[in-house]
Amino acid sequence: IELQKIDCNCNDCKFMLRDFEKRKKYDHLYKGAENASYRINYGNCTKLNKEVSFIPNNCQLHTQECFEHRRE
């Protein structure tokens, strides 16, 4: 959890609402590697009211100010 707080990835943010439909729309790009660690995920930020994209478990410098961990 401490590393997730440093990374500030949208994947671990309490304001993230995932967009599974948009993710499915791009399944063809990942044929044979659907669970690849580099796969882009999509969602909506309820704090900033905007669409976001992210790769889980990667540091996101641009979210340092808005990130709040989902387990806090």
Side-chain angles (χ1 to χ4, degrees):
I1 290 178
E2 292 305 312
L3 181 57
Q4 292 173 345
K5 290 179 185 178
I6 293 169
D7 287 348
C8 294
N9 190 288
C10 293
N11 188 57
D12 303 307
C13 186
K14 72 180 186 179
F15 300 111
M16 166 58 57
L17 289 178
R18 297 180 190 284
D19 187 342
F20 294 109
E21 292 303 315
K22 190 169 187 178
R23 186 171 192 249
K24 286 180 190 178
K25 191 165 120 176
Y26 294 103
D27 275 348
H28 67 281
L29 298 174
Y30 300 95
K31 190 168 180 113
E34 286 81 10
N35 293 317
S37 63
Y38 56 84
R39 182 175 181 141
I40 298 173
N41 287 260
Y42 302 93
N44 295 292
C45 174
T46 59
K47 183 175 186 175
L48 302 177
N49 196 28
K50 69 176 189 174
E51 291 184 2
V52 294
S53 59
F54 57 94
I55 299 173
N57 302 318
N58 283 280
C59 184
Q60 290 183 276
L61 296 177
H62 64 283
T63 61
Q64 299 290 314
E65 298 297 321
C66 60
F67 178 85
E68 288 186 40
H69 199 276
R70 65 180 178 224
R71 293 186 184 169
E72 289 189 331

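Start at 1 with the first residue, then count along the sequence. Hydrogens, waters and symmetry mates are skipped; everything else that's a heavy atom, side chains included, is used.
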Could you give me the CA-CA distance, side-chain angles and deciding distance for Thr63 and Cys10, then say whether side chain to side chain contact (heavy atoms under 4.5 Å, CB included) is met? CA-CA 8 Å; Thr63 61; Cys10 293; 4.0 Å; yes
How many angstroms lie between [atom1] in [X] and [atom2] in [Y], if you round to the nearest 0.5 Å?
X	Y	atom1	atom2	value
Phe67	His62	CZ	NE2	12.0 Å
Cys59	Leu3	SG	CG	8.5 Å
Phe54	Cys13	CZ	SG	10.0 Å
Arg71	Lys5	CZ	NZ	11.0 Å

Heavy-atom nearest pair, Asn44 first then Glu51, reads OD1-CG, 3.3 Å
For Ser37 and Ile55, the nearest pair of non-hydrogen atoms, with its separation, is O-CG2, 3.3 Å
Are more than 12 heavy atoms, taken from residues, nucleotides or ligands other than Asn58, located less than 6.0 Å from that residue's CG atom? yes
Exceeds 12 heavy-atom contacts within 6.0 angstrom, atom CG of Asn49
no
Whether the side chain of [X] engages the backbone of [Y] through a donor-acceptor N/O pair (distance < 3.5 Å, no angle test) should be reported.
X	Y	answer
Asn9	Asn11	yes
Gln64	Gln60	yes
Asp19	Lys22	yes
Arg70	Phe15	no

Problem set entry | Residues His69, Lys14; criterion side chain to side chain contact (heavy atoms under 4.5 Å, CB included); working and verdict | CA-CA 6 Å; His69 199 276; Lys14 72 180 186 179; over 6 Å; no
side-chain contact (heavy atoms from CB on, under 4.5 Å) with Glu21: of Arg23, Lys25, Lys24, only one passes, and it is Lys24
**Prompt:** Do the side chains of Tyr26 and Phe20 join up, straight or via other hydrophobic residues, at under 4.5 Å, putting them in one cluster?
**Reply:** no
Quick one about Arg18 and Asn41 (side-chain donor to acceptor, distance below 3.5 Å, no hydrogens or angles considered), yes or no? no
